[in-house]
Structure formats: C-alpha cells, structure tokens
> 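Here you go, one structure.
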2 protein chains.
Amino acid sequence: MRSERRTAVAPPRCSTCAVRDSALCSALDDGDLARIHAIGLRRTVAAEQVLVWTGDRNAICANLVSGVLKVVRAGPDRQDHIVGLLFPGDFVGELFADSASDTVQVLCDADLCIYPRAALRHVLDDHPAAERLLLRRALATLNDARKWMLILSRKTARAKVATFLIDMARRLDDAGAAAGKFDLPMSRSEIGAVLGLTIETVSRQVTALRVAGIIALPGGRSVVIRDHARLAGRAAA
Amino acid sequence: MRSERRTAVAPPRCSTCAVRDSALCSALDDGDLARIHAIGLRRTVAAEQVLVWTGDRNAICANLVSGVLKVVRAGPDRQDHIVGLLFPGDFVGELFADSASDTVQVLCDADLCIYPRAALRHVLDDHPAAERLLLRRALATLNDARKWMLILSRKTARAKVATFLIDMARRLDDAGAAAGKFDLPMSRSEIGAVLGLTIETVSRQVTALRVAGIIALPGGRSVVIRDHARLAGRAAA
DNA sequence: GCTGGTCTTTGATCCGCGTCAAACCCGTCC
DNA sequence: GGACGGGTTTGACGCGGATCAAAGACCAGC
C-alpha cells in the first residue's frame with residue numbers, strides 16, 4: 001500500500017515554473033530556458049522504479065520536480081546503504097562519470113525532467129553560470145555527506161533516529177497548517193539503510209519515541225512530532 | 001618526532017610544474033598559468049599549524065603541493081571527526097561558502113600555493129574549463145565521502161583499520177622500490193577520528209594485524225604491509 | 001470469511017567495541 | 001643518572017545494538 005504517500009510538497013506546477021526553481025536552471029534567461037526545455041523530457045516515474053543502475057554507462061541526468069528518490073550504494077557483501085535522498089529541485093545523476101557509481105530508485109512517484117547527458121553537457125559549455133550552480137550544489141551535497149559521516153560514526157541509535165526524523169520533517173512538512181506532521185516516504189528497512197542500523201533497532205527506537213510521547217504514529221507511514229524540543233534533545237546526544 | 005615524515009611523494013619540483021599537475025591548473029595555458037601565479041603565494045607550513053578554522057569568513061583557498069592535511073568537523077559534544085584527508089594535488093578550502101564549515105590542519109609539513117578567494121573566483125570567471133575541473137574534483141570527493149559513509153556505518157573495527165591501511169598505502173607509497181612500506185602521517189587518536197573508533201580499539205586492531213604477521217611495525221609511525229591479500233581479506237569483511 | 005505474503009513489532013541472547021584503569025615506551029629536562 | 005610527560009599498549013568489564021526467533025498487522029486474492 002503506497003497510496004498514502006503525500007510527499008510531493010505541492011501539486012505539480014507548469015513545467016517552466018518547476019524547472020526554473022531547480023538548481024540547474026535558475027541561472028538561465030528565458031531564451032536559454034527554452035533551449036534546455038527542447039532537450040528535456042518530462043516524465044512521471046512510479047515508486048520502486050529504478051532510474052539508474054550501478055555501473056550504467058551513459059545513465060540519465062534529470063531534475064527532480066516532485067517526489068523523493070534514494071541513492072543506494074552496494075557494499076561488498078550485498079548489504080546496501082542509502083548514501084543520499086533526493087527531494088524536489090535536486091539534480092539527479094552524474095554528469096561526468098563514465099559509469100554510475102550508485103543506483104537511483106524512486107521512493108514516491110516522481111516527476112522528472114530528463115536530459116541526455118551529452119546534450120546537457122553541451123548546454124553547460126555555453127552557460128558557465130549554470131555550471132557554477134552545479135558546482136555549488138555539489139559542494140552542498142558534499143557538506144551534507146560529511147555531516148552524515150559524523151552522525152553515522154559517532155551517534156547512538158537513539159540520536160540517529162531522532163536526527164533522521166527532524167531531517168525528514170524539515171524537508172517534507174507541508175509548510176502550511178500541520179507543522180511537524182508528515183508521511184515517511186520509506187520503509188523501516190530503508191531507514192535502517194540510511195542510518196546504518198538494523199530494521200529491529202529502528203523499530204525499537206521509533207516505538208520508544210512514541211511511548212515517551214515525543215511523536216505519534218497515526219497509522220500507515222505518517223508521523224506527528226508532538227515535542228520538538230525533546231526530539232532535538234535526543235538528536236544532540 | 002616528526003623528522004621521520006617521508007610523505008611528500010617526490011622532492012618538490014619547480015612551482016610551475018607542481019601547479020600544472022594540480023586539479024585547478026592543468027586546464028590553463030601558459031599565459032593563464034602566469035596570471036594565476038601572479039595571485040598565488042607559495043608557502044611552507046609546519047605540521048600542527050591550522051590553515052582554516054571552522055567558521056572563518058573569507059578563509060584561504062590553496063593548492064596542496066606536498067604534505068598531508070586533515071579536514072576536521074566538530075561534533076556537538078566537542079568530539080571531532082576527520083571527514084577528509086588532503087594529499088598533494090588536492091584543492092584546499094571552500095571557494096563559495098561564506099564561512100568555513102571545517103577546520104583544516106597540517107599533518108606533515110606542507111607546501112601550498114595560497115590564493116585569495118576573491119581573486120581566484122575572478123580567474124575562474126574567465127576559465128570555465130578550470131571551473132569544470134573543480135566540479136569534477138568536488139564530485140570525486142563526494143564519491144569518496146560516500147564510500148566512507150558505507151565503511152563507517154557497516155564495517156567492523158577490524159575491517160575499518162584494514163581498509164584504512166590499504167588506503168594510506170595506496171596514497172603514500174613511494175611508487176618506487178619499497179611498495180607496501182610507508183609512514184603514517186598521523187597519531188593513533190587521529191586514525192580513530194577518521195574511522196569513528198577509540199584510540200584503544202585502533203591500537204588493538206593494529207596489534208592484531210602485527211601478531212597475525214599481516215603487517216610489521218619497524219618503529220615510529222612506519223608500517224610495512226607483508227601480506228596484501230590477507231589485509232584485503234580483512235578489509236572486505 | 002480464510003490463506004498467503006510482506007512489513008513491523010517484541011523478546012531473548014550474544015558479542016564487539018566503548019569505557020575505565022594501569023602499565024609501558026621513548027622522548028626531554030633537570 | 002632519575003623524574004617527568006605524551007603517546008601507545010594491554011587488561012577487565014559493561015552496554016548498545018546485531019542476531020536469531022516468533023508473533024502481530026495489514027493487505028491481496030480467492
């Protein structure tokens with residue numbers, strides 16, 4: 001049952017608006033936007049679908065318009081780790097690598113603008129401003145990855161789960177009425193794959209938060225944060 | 001006792017050659033190289049010195065010519081984690097962030113070409129090829145960080161230490177005669193800060209490798225890998 | 001209704017690694 | 001020489017989270 005997903009932050013707007021908000025295109029003027037639209041392919045992709053397989057040569061690149069994706073790296077013994085989550089506005093794919101190092105899979109039905117790598121690279125040749133935006137975004141992603149290195153190596157399971165929930169709330173909240181209420185776009189085992197924990201440990205920690213009255217679990221995958229302060233306290237440990 | 005450092009992979013060459021090999025400048029022609037030299041300041045920095053403090057506004061940027069640096073991020077409770085090591089040819093600093101998110105400190109006396117951020121950014125405006133190199137390097141660094149996320153969250157102390165030694169050997173080996181022999185540029189506690197382990201655990205694992213005959217510790221901080229295959233075996237676990 | 005499948009929760013047990021503590025090694029200084 | 005002091009090694013012990021195992025939830029299909 002994945003009909004309870006409400007993760008798209010807003011109903012899809014017109015293609016142009018959506019793309020203009022993205023990392024790649026906010027640096028382009030109208031004429032250039034038209035050019036990049038000419039090579040872009042708007043597509044909706046269902047949950048579970050894989051956009052990029054590890055090792056793909058010439059994998060796609062895209063802008064994520066709505067939905068959530070996971071970036072998965074396989075360990076040697078077939079145990080996977082989720083090294084990144086992608087939200088609306090994020091750039092998908094590796095423009096320059098000659099083969100993809102990670103698998104990218106859809107968590108919530110997603111809208112994408114897909115670009116052929118070669119064509120996109122060509123557009124970037126003429127638009128250093130867009131390329132600089134990609135650079136800044138790559139550095140921001142690196143910063144994020146390093147933040148997670150700290151969390152993964154130093155924090156306890158308690159703190160990991162609390163940190164994760166705060167992070168997800170920040171990115172998924174309907175900015176509107178119901179602050180602190182959102183639907184997790186992923187299963188417990190996928191949360192474990194993000195945090196480097198087993199599914200059982202994740203479940204125990206989430207239950208502990210519910211029992212302590214810090215969160216509520218109205219059902220399905222939805223989560224309500226009742227006590228932000230105490231949750232933040234656990235995350236800091 | 002840091003006279004035993006032999007970490008510079010080769011005796012320093014002339015400034016021009018050294019810089020040409022680096023990430024930043026291999027895309028420039030001779031005239032542009034001259035321009036970038038004009039804004040660069042060649043300096044030698046002793047071990048222990050701090051190049052960038054967390055929070056610095058307008059921190060330096062530089063190319064590392066020889067030596068090894070560590071990139072340290074502080075956790076909330078004053079426990080530090082080393083989120084990256086920098087080797088000759090690597091780019092130092094954050095060109096675009098308005099305040100540095102990490103502290104950068106010298107492990108082995110280092111030669112650097114230091115650039116003022118504003119001037120360097122200005123040079124990049126006119127050299128998209130150089131900027132693209134920075135982008136590719138940022139993506140490579142991100143890839144590395146994600147590799148470490150896997151290691152930190154999934155591997156045992158045994159595997160972490162083995163992986164670390166293999167990595168250091170790859171980067172520090174005199175490519176010449178003595179393959180598998182190198183001097184660690186850091187203390188046990190710094191190794192712990194890289195691997196997310198305590199100093200005691202690092203010590204125990206290193207000792208275990210020595211007892212098993214997989215490595216030898218001739219003294220000081222030097223390490224000899226006697227059995228690459230078994231070391232790789234432990235790293236895979 | 002019942003049955004089979006997947007995901008989640010809960011319990012019991014084990015072991016790896018953090019913690020605390022003490023000894024050791026190898027410099028420098030007096 | 002002996003006394004320091006920082007880094008390293010070794011030991012004893014306890015706890016957090018993995019592992020193994022089983023019981024619920026919840027849904028799909030019949």
Side-chain angles (χ1 to χ4, degrees), chain A residues 1-5 47-48 75 77-81 107 151-165 183-212 215-223 234 237, chain B residues 1-5 47-48 75 77-81 107 151-165 183-212 215-223 234 237:
Chain A
M1 82 320 284
R2 58 190 60 97
S3 56
E4 88 277 25
R5 92 197 102 70
E48 312 288 315
D77 40 355
R78 206 69 305 157
Q79 61 183 352
D80 292 347
H81 190 97
L107 288 175
I151 294 167
L152 289 171
S153 65
R154 300 292 195 186
K155 291 200 180 187
T156 63
R158 275 169 77 99
K160 283 181 180 176
V161 170
T163 305
F164 175 77
L165 289 176
D183 289 343
L184 287 173
M186 54 194 356
S187 69
R188 298 273 186 264
S189 91
E190 283 166 324
I191 298 174
V194 173
L195 299 176
L197 298 172
T198 60
I199 180 174
E200 295 96 327
T201 301
V202 172
S203 179
R204 276 185 251 268
Q205 296 301 330
V206 171
T207 302
L209 287 169
R210 181 177 53 71
V211 170
I215 62 172
L217 305 172
R221 285 175 175 175
S222 76
V223 176
R234 292 205 176 197
Chain B
M1 176 90 12
R2 58 190 60 97
S3 55
E4 88 274 28
R5 97 196 100 71
E48 313 286 315
D77 41 353
R78 208 66 308 153
Q79 61 185 350
D80 293 347
H81 190 97
L107 289 174
I151 294 167
L152 289 172
S153 66
R154 300 292 195 187
K155 292 200 180 186
T156 63
R158 275 170 77 101
K160 282 181 181 177
V161 170
T163 304
F164 175 78
L165 289 176
D183 289 342
L184 288 172
M186 54 193 357
S187 69
R188 298 276 186 261
S189 90
E190 283 166 323
I191 298 174
V194 173
L195 299 177
L197 298 173
T198 60
I199 180 175
E200 296 96 327
T201 301
V202 172
S203 179
R204 276 185 252 268
Q205 296 302 330
V206 171
T207 302
L209 288 169
R210 182 176 53 72
V211 170
I215 63 171
L217 304 172
R221 284 175 175 175
S222 75
V223 176
R234 292 206 174 195

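Worth knowing before you read on, the calculation uses all heavy atoms, side chains too, and leaves out hydrogens, waters and symmetry mates. By convention in this document, chain letters (A, B, ...) are assigned in the order of the sequence lines, proteins followed by strands, and residues within each chain are numbered from 1. The model shown is predicted, which means the values in this text are computed figures rather than measured ones.
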> Whole angstrom is fine here: how far is it from CD in B/Glu190 over to C1' in D/dT8?
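Whole-Å distance recorded here is 14 Å.
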> Can you measure A/Glu48 atom CD to C/dT6 atom P for me and round it to whole angstrom units?
13 Å
> Tell me whether the OP1 or OP2 atom of C/dG18 has a side-chain N or O from B/Thr198 closer than 4.0 Å.
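Result: yes.
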> Whole Å only: how far is the CG atom of B/Leu197 from the P atom of C/dT19?
11 Å
> Please check this pair: side chain of A/Ser203 against backbone of A/Ile199, looking for a donor-acceptor N/O pair closer than 3.5 Å.
no
> So if I take every side-chain heavy atom of A/Thr201 and compare against D/dA18, C/dT10, C/dC17, which nucleotide ends up nearest?
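Closest nucleotide among those given: D/dA18.
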> A/Phe164 and side-chain contact (heavy atoms from CB on, under 4.5 Å): which partner among A/Ile151, A/Leu197, A/Leu184, A/Val202?
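Exactly one option meets the side-chain contact (heavy atoms from CB on, under 4.5 Å) with A/Phe164, and it is A/Leu184.
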> Which one, D/dT8, D/dT10, C/dT8, comes nearest to the side chain of B/Arg204?
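The closest nucleotide is D/dT10.
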> Using atom CZ of B/Arg188 as one end and atom C1' of C/dC25 as the other, report the distance to the nearest whole Å.
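About 13 Å, once rounded to whole Å.
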> Looking across every strand, which nucleic acid part, if any, lies under 4.0 Å from A/Thr207 by heavy atom: base, sugar-phosphate, or nothing?
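Touches sugar-phosphate only.
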> Rounding to an integer number of Å, can you tell me how far A/Ile199 CD1 sits from D/dT19 P?
13 Å
> Provide, to the nearest angstrom, the distance between the CD atom belonging to B/Gln205 and the P atom belonging to D/dT8.
16 Å
> How is A/Gly196 classified with respect to the nucleic acid when contacts are heavy atoms under 4.0 Å: base, sugar-phosphate, or nothing?
sugar-phosphate
> So, does A/Lys155 use its side chain to make a donor-acceptor pair with the main chain of A/Lys160 at under 3.5 Å?
no
> Can you name the nearest heavy-atom pair linking A/Leu107 to A/Ala47, along with the distance?
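Looking at all heavy atoms of both residues, the closest pair is O-CB, 3.4 Å.
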> Starting at CD of B/Glu200 and ending at P of D/dA12, how long is that distance when rounded to a whole Å?
15 Å
> What's the CG-C1' distance between A/Leu217 and D/dC26, to the nearest Å?
16 Å
> Determine the minimum heavy-atom distance between B/Val206 and B/Ile215, stating which atoms define it.
O-CD1, 3.9 Å
> Return the nearest nucleotide to the side chain of B/Ala157; candidates are D/dT19, C/dC17, C/dG18.
C/dC17
